[in-house]
Amino acid sequence: GHLVRDLNISERPVWLKVNRRQFKCQTCHKPFSETLDFVGKRMSYTNRLAQQVVKQVIHSDVSNVAHNHGLSEDVVWSMVEYLSKKTPD
């Protein structure tokens, strides 16, 4: 399984163990993993955590938000970049 960070519960960090099913293309026989709607491909956090963090960055700054969530500033910036490229549902 793959661990991804989710929203905190009672101010405690939550990690989800995600198992992506593996498939094989019937045409080219290349293996691929299923896509999940709540976490981006190769991401270490859920979409809803990224959305919460980015909303907080808008009203604060990256350093404070990173500290409050126990994240590095690089991870916070990656969330901002990820959501800026994600197409709305």
Side-chain angles (χ1 to χ4, degrees):
H2 178 70
L3 290 178
V4 293
R5 177 89 183 265
D6 198 13
L7 295 173
N8 291 348
I9 294 178
S10 297
E11 299 182 26
R12 298 190 72 175
V14 173
W15 292 88
L16 303 176
K17 186 173 183 182
V18 177
N19 292 316
R20 292 180 195 256
R21 294 179 293 178
Q22 297 287 311
F23 301 98
K24 192 176 277 190
C25 175
Q26 292 184 340
T27 306
C28 69
H29 305 290
K30 288 175 95 174
F32 64 94
S33 298
E34 73 180 317
T35 57
L36 302 171
D37 61 355
F38 67 93
V39 62
K41 189 175 183 177
R42 290 192 284 278
M43 292 293 152
S44 62
Y45 45 81
T46 62
N47 292 340
R48 63 186 175 191
L49 175 61
Q51 290 165 349
Q52 181 185 69
V53 166
V54 170
K55 281 181 187 175
Q56 291 175 5
V57 167
I58 292 168
H59 300 289
S60 181
D61 63 74
V62 171
S63 179
N64 283 329
V65 173
H67 176 74
N68 291 341
H69 285 276
L71 301 169
S72 72
E73 290 183 25
D74 288 343
V75 170
V76 173
W77 278 118
S78 75
M79 291 175 172
V80 171
E81 194 172 321
Y82 168 66
L83 288 182
S84 71
K85 293 178 183 176
K86 192 169 173 3
T87 55
D89 295 334

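Just so it is clear, the values below take in all heavy atoms, side chains as well, and ignore hydrogens, waters and symmetry mates.
Residue pairs meeting the salt bridge (Lys or Arg N to Asp or Glu O under 4.0 Å) criterion with at least one partner in residues 41-70, sequence neighbours excluded, are D6-R48.
The two residues H29 and Q26 have their closest heavy-atom pair at CE1-O, 3.7 Å. Shortest non-hydrogen contact noted between L36 and R20 is CD1-CG, 3.8 Å. When all heavy atoms are compared, the tightest approach of G70 to R5 is O-NH1, 4.2 Å. Taking all atoms of both residues into account, the shortest heavy-atom contact from N8 to P13 is OD1-CA, 3.3 Å. Across L7 and T46, no two heavy atoms sit closer than the pair N-OG1, 4.5 Å.
Shown here are the side chain to side chain donor-acceptor pair (under 3.5 Å) partners of E34, two or more places apart in sequence or in another chain: R21.
Contact of the L83 side chain with the Q51 side chain is registered, since non-hydrogen atoms from C-beta on lie closer than 4.5 Å. In this structure the side chain of V39 never reaches within 4.5 angstrom of the side chain of H2, judged on heavy atoms.
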Side-chain atoms of residues 74-82: list all donor-acceptor pairs with protein atoms under 3.5 Å, sequence neighbours left out, distances to 0.1 Å.
from, atom 1, to, atom 2, distance (Å)
S78, OG, Y45, OH, 3.3
S78, OG, V75, O, 2.6
E81, OE2, K85, NZ, 3.2
Y82, OH, G40, N, 3.4
Y82, OH, N47, OD1, 2.7

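We find the CG-CG distance between L49 and L71 to be 6.5 Å, quoted to the nearest 0.5 Å.
Hydrophobic clustering of Ile, Leu, Val, Met, Phe, Trp and Tyr side chains at less than 4.5 Å, counting indirect connections, unites I9 with V53.
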